[in-house]
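Order of the sequence lines sets the chain letters (A, B, ...), proteins ahead of strands, with each chain counted from 1.
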Amino acid sequence: MDWLFRSEFDAITTIALWSIAAVVVTTVVLFVYTLGLRYVTVVSARRRRAFLGNWRDVFSAAALSTEAARRQELPRLRRVDRLDLLEEWSRARSVVDGSAADNLNILAVRAGIPELAAGLFEQRRVQSQIMAVQTFGYLRDASHYGAIAALVESPSTALSITAATSLVEIDPARGVALVVPMIAARRDWPRNRVSILLREAGTDIVSEPMYRTIRSANNKDKTYLLQFARLIESEVRDALVEELIRETNDAAVLTAALKLVSGYRGVPRIASLTQHKAWYVRMQAAKVLGRIGQQEHLAILESLLDDPEWWVRYRAAQSIASLPFLGPNELRRLQGRQTDPFAVDILQQSFAEVGLA
Amino acid sequence: MLDFLLRRAGYDVIAAPNGRDAQAAIRNLPPVDVVLLDLMLPYVSGYQLIEEIRSDHDWQYVPIVVLSGKVLEEDVVQALDLGANDYVTKPFRPEELLARLRRIVADHERLAAIR
């Protein structure tokens, strides 16, 4: 029995000892490996920071001086750093305009960025294509115009809006003619990006395509597109708004159009809209009449003070309080002749807001 | 780039990479000549920072220039209503931005002398 016990004990001890040794060795190896990984990460992050720091200085100097963009010595560029360089250049290029943008484009050609973008464009990955398309736009590189135009139809929101933006940057007139009719259908495009795109193209280029697109759109699309109408020339916008107010009876279109009224065009029709069945149209019309500030509309605004909808009464009262030809005494007299308690209340509130309590 | 541009134009720059650092600067540092502010910042938005500056006893008169990629009318109106002195949209023209800063700082100095 004793020999059996000893032998079994030896076997278990041997297995245990080997297991402990294996665990210790594995732990040491893993520890060294982790240290190695950490070291590599720290060194490469430090190297990347230094690399980007050097290039940031180069980009900043180039943005401010054409001479620097053309002549300054460029830091050494390793193959593995080319993507970082493109990202950094894009970041710098995205925030500047005018001569600074031109200077950064000069520098980009010297640094080989067009070739790098062309390489990325050939890849099928959406991320790579977005970066390439954005770069072509910044560089105003027309050689890929057709291929970029095809990408505007992409189901990927990021890729399609980037392609649309690039087309407008490369050839504003041609790009706007293609992109503007698509805006209503591409509700997935962020409104901010669409506004930037239109603003960058310039009011003179955007006005006509936007006018035609809005005129031919259905009511739902008209309402959506009118929010971008502030980016077109004021004469075209005024004509468009006047036509819409005259022709349509759709409450959403009328509200969107009334928000854009800036002058005296279409005023008789606006005055008649204070009788519209939708309260928000009546409210907008009251607001516009206050902005226009004509003596002849005082009676209309006064009649809205007992409107069943609070907002209409409130805007009418605010408009009355802002009329330039009514002084404090006239306003108090106007309040005094009201027989409707709602009208008296709402005037009281509006007068208090302008310090006329 | 802004840092480089401003230093080259002769400004001393205190850069805050996020809203929280900017908030700490407002609370702990003496008022500066001008604040150049983005609206889309991590942790604390530019709008909140404008409100904070305008309600801070020491910083309330510091001019604020917003430099933002937000171009919608409502964004500009909101920033100006909260108390921003000027609003420049990205992409910006460096020389134009510097000219605006020069004017705003000069106006601020004149007003400070009167106060």
Query raised in the report: With only heavy atoms counted, which part of A/Ser94 is less than 4.5 Å from chain B, the side chain, the backbone, both or neither?
Result: backbone
Query raised in the report: Between atom CG of B/Leu72 and atom CZ of A/Arg230, what is the distance when rounded to the nearest 0.5 Å?
Result: 11.0 Å
Query raised in the report: How far apart are the closest heavy atoms of B/Lys90 and A/Arg199, and which atoms are they?
Result: O-NH2, 3.7 Å
Requested in this report: Might you confirm whether atom CZ of A/Arg46 has over 12 heavy atoms from other residues, nucleotides or ligands at distances under 6.0 Å?
Outcome: no
Query raised in the report: Is a side-chain donor or acceptor of A/Asn192 paired with a backbone partner of B/Val71 at a separation under 3.5 angstrom?
Result: yes
**Report entry** B/Glu73 versus chain A, the contacting section by heavy-atom distance below 4.5 Å
**Finding:** side chain
Query raised in the report: Where on A/Arg193 is there a heavy atom nearer than 4.5 Å to chain B: the side chain, the backbone, both, or neither?
Result: neither
**Report entry** Inter-residue atom distance A/Asp97.CG - B/Leu97.CG, 0.5 Å rounding
**Finding:** 12.5 Å
Query raised in the report: By a 4.5 Å heavy-atom criterion (distance strictly below it), what part of A/Leu198 contacts chain B: side chain, backbone, both, or neither?
Result: neither
Query - Other residues, nucleotides, ligands: >12 heavy atoms within 6.0 Å of A/Arg291 CZ - result: yes
Requested in this report: May I have the step-by-step check of side chain to side chain contact (heavy atoms under 4.5 Å, CB included) for B/Met1 and A/Arg56, ending in yes or no?
Outcome: CA-CA 7 Å; B/Met1 178 175 293; A/Arg56 268 180 203 144; over 6 Å; no
Query raised in the report: Side chain, backbone, both or neither: which part of A/Ala101 has a non-hydrogen atom closer than 4.5 Å to chain B?
Result: neither
Query raised in the report: CD of B/Glu95 to OG of A/Ser99: how many Å apart, nearest 0.5 Å?
Result: 7.0 Å
Requested in this report: Identify the heavy atoms of A/Ala61 and B/Phe4 that sit nearest to each other, and give their distance.
Outcome: N-CE2, 3.7 Å
Report summary line: Okay, A/Gln227 and chain B: the region with an atom under 4.5 Å from a heavy atom over there is neither
Query - Heavy atoms of other groups near B/Glu96 CD, more than 12 under 6.0 Å - result: yes
Query raised in the report: Counting only heavy atoms not in B/Asp81, do more than 12 sit closer than 6.0 Å to its CG atom?
Result: yes
Query - Beyond-backbone contact of B/Arg93 with A/Val96, side-chain heavy atoms, under 4.5 angstrom - result: no
